[in-house]
Student: 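Just dropping this structure here.
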Amino acid sequence: MIQQTLSIIKPDAVQRDVCGEILKRIEAGGLKIKALKMLELSKKQAQGFYAVHQDKPFFDSLTDFMSSGPIVVSVLEGEDAVRVYRDIMGATNPAEASPGTIRKEFGLDIEKNSVHGSDSSENASTEIAYFFHALEMVDR
Ligand code: CMP
């Protein structure tokens with residue numbers, strides 16, 4: 001099934017100038033970029049995005065980090081896009097990610113793990129709507 005998913009290149013990766021390398025892996029993996037922009041989240045906006053994690057012990061640190069610098073958000077589309085992008089990203093903890101995955105190559109630790117991807121098609125719709133208007137997405 002053709003799906004969309006939301007990708008975030010996190011502040012640790014933007015700061016190290018590896019956005020191009022990460023987007024290259026996304027495209028090489030067969031995912032089409034439908035929308036793309038760079039922005040900086042406020043602490044409140046980061047808390048809103050990660051609201052499902054608000055009771056987790058890492059919530060405060062995670063939202064500090066995600067509002068610490070620019071991020072690059074994109075909408076990716078393709079067959080099974082949610083699973084395909086999760087495979088390209090690798091495990092949440094870079095130490096456990098498979099060789100060749102984005103998090104293995106670029107992630108620093110479980111928080112500064114370079115990328116985020118939606119974990120289901122339902123969450124992808126909510127996450128995409130958090131960042132993009134319909135008019136910001138191209139047909140291709
Ligand atoms: P992400 O896919 O953006 O979703 C939630 C984020 O919380 C996750 O990636 C990690 O970067 C971060 N995080 C920090 N600590 C943990 C933890 N112990 N378990 C899971 N996620 C964590």
Side-chain angles (χ1 to χ4, degrees):
M1 197 190 20
I2 298 289
Q3 293 179 330
Q4 293 186 340
T5 191
L6 181 89
S7 162
I8 304 179
I9 303 178
K10 298 187 179 186
D12 66 285
V14 175
Q15 204 252 328
R16 284 175 290 141
D17 301 308
V18 292
C19 292
E21 286 295 327
I22 290 173
L23 292 172
K24 184 172 152 186
R25 283 165 166 76
I26 288 170
E27 292 180 326
L31 294 168
K32 291 275 182 206
I33 299 171
K34 298 272 290 182
L36 178 76
K37 63 186 171 189
M38 180 179 276
L39 59 100
E40 209 164 329
L41 289 174
S42 66
K43 172 83 172 172
K44 264 197 174 161
Q45 289 167 333
Q47 289 169 330
F49 181 75
Y50 280 115
V52 290
H53 294 304
Q54 61 191 347
D55 297 326
K56 305 272 173 58
F58 56 82
F59 182 68
D60 195 47
S61 176
L62 173 65
T63 52
D64 270 348
F65 164 58
M66 289 301 290
S67 57
S68 68
I71 60 174
V72 172
V73 287
S74 57
V75 177
L76 311 178
E77 187 177 273
E79 188 69 28
D80 274 335
V82 170
R83 182 193 55 77
V84 168
Y85 188 42
R86 292 179 75 78
D87 288 349
I88 295 169
M89 289 192 296
T92 304
N93 188 346
E96 292 161 11
S98 302
T101 60
I102 292 171
R103 285 167 169 162
K104 185 67 175 185
E105 301 287 306
F106 301 107
L108 301 175
D109 57 43
I110 197 166
E111 180 176 273
K112 296 178 176 61
N113 63 354
S114 298
V115 280
H116 166 84
S118 310
D119 65 1
S120 68
S121 196
E122 297 70 45
N123 286 342
S125 302
T126 313
E127 292 183 1
I128 289 167
Y130 199 77
F131 286 106
F132 293 98
H133 296 290
L135 284 175
E136 292 178 287
M137 270 169 268
V138 298
D139 275 332
R140 56 179 300 206

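Since we're looking at a predicted model, the values are computed, not measured. All ligand and atom numbering here is 1-based and tracks the order in the structure.
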Student: At a 4.0 Å threshold, what atoms of ligand 1 neighbour a non-hydrogen atom of L62?
Tutor: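 It comes down to these atoms of ligand 1: 6 (C), 7 (O), 12 (C).
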Student: Which residue holds the protein heavy atom closest to atom 21 (N) of ligand 1, what is that atom called, and what is the gap in Å?
Tutor: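 Ranked first by proximity to atom 21 (N) of ligand 1 is F58 CZ, 3.7 Å.
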Student: Ignoring angles and geometry beyond distance, decide whether T92 reaches within less than 3.5 Å of ligand 1 through its nitrogen or oxygen atoms.
Tutor: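 For ligand 1, there is no N or O atom that lies under 3.5 Å from one belonging to T92.
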Student: Set out, in order, the CA-CA distance, both residues' side-chain angles and the distance that settles side chain to side chain contact (heavy atoms under 4.5 Å, CB included) for L62 and F49, then state yes or no.
Tutor: CA-CA 11 Å; L62 173 65; F49 181 75; over 6 Å; no
Student: Nearest non-hydrogen contact with atom 9 (O) of ligand 1 belongs to which option: M66, K10, E111?
Tutor: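 Answer by nearest heavy atom: K10.
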Student: Return the set of residues passing salt bridge (charged side-chain N to carboxylate O under 4.0 Å, His left out) with E136 (not counting sequence neighbours), or none when no residue passes.
Tutor: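 K37.
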Student: Heavy-atom distance under 4.5 Å between the side chains of K10 and K112, does that happen here?
Tutor: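 No, every pair of side-chain atoms sits at 4.5 Å or beyond.
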Student: When you look at CG of L135, are more than 12 heavy atoms from neighbouring residues, nucleotides or ligands closer to it than 6.0 Å?
Tutor: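 For L135, atom CG is not crowded (no more than 12 foreign heavy atoms under 6.0 Å).
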Student: What part of K112 sits under 4.0 Å from ligand 1 if we count only heavy atoms: the side chain, the backbone, both or neither?
Tutor: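 Near ligand 1, K112 shows nothing, with every heavy atom at 4.0 Å or more.
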Student: If we check side-chain contact (heavy atoms from CB on, under 4.5 Å) with V75, which of these qualifies: L36, I128, V138?
Tutor: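 When L36, I128, V138 are each tested with V75, the side-chain contact (heavy atoms from CB on, under 4.5 Å) holds only for I128.
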Student: Counting non-hydrogen protein atoms only, what is the nearest one to atom 2 (O) of ligand 1? Give residue, atom name and distance.
Tutor: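 So the nearest neighbour among protein heavy atoms is H116 ND1, 3.1 Å.
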Student: Among V52, D109, I110, which residue places a heavy atom closest to atom 10 (C) of ligand 1?
Tutor: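 That would be I110.
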Student: Strictly below 4.0 Å, N to O, side chains only: are R86 and D80 in salt-bridge contact?
Tutor: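 No.
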Student: State, with a plain yes or no, whether a side-chain heavy atom of Q54 is found less than 4.5 Å away from one of Q47.
Tutor: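 They are not in side-chain contact.
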Student: For N113, take its heavy atoms, then give the atoms of ligand 1 lying under 4.0 Å from any of them.
Tutor: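 Reading through ligand 1 atom by atom, the close ones are 9 (O), 10 (C), 11 (O).
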Student: Compute the minimum heavy-atom distance from Y50 to ligand 1 and say whether it is under 4.0 Å.
Tutor: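 Yes, Y50 has a heavy atom closer than 4.0 Å to ligand 1.
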Student: Closer than 4.0 angstrom: is that true for some heavy atom of R103 and an atom of ligand 1?
Tutor: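 Heavy atoms of R103 do come under 4.0 Å of ligand 1.
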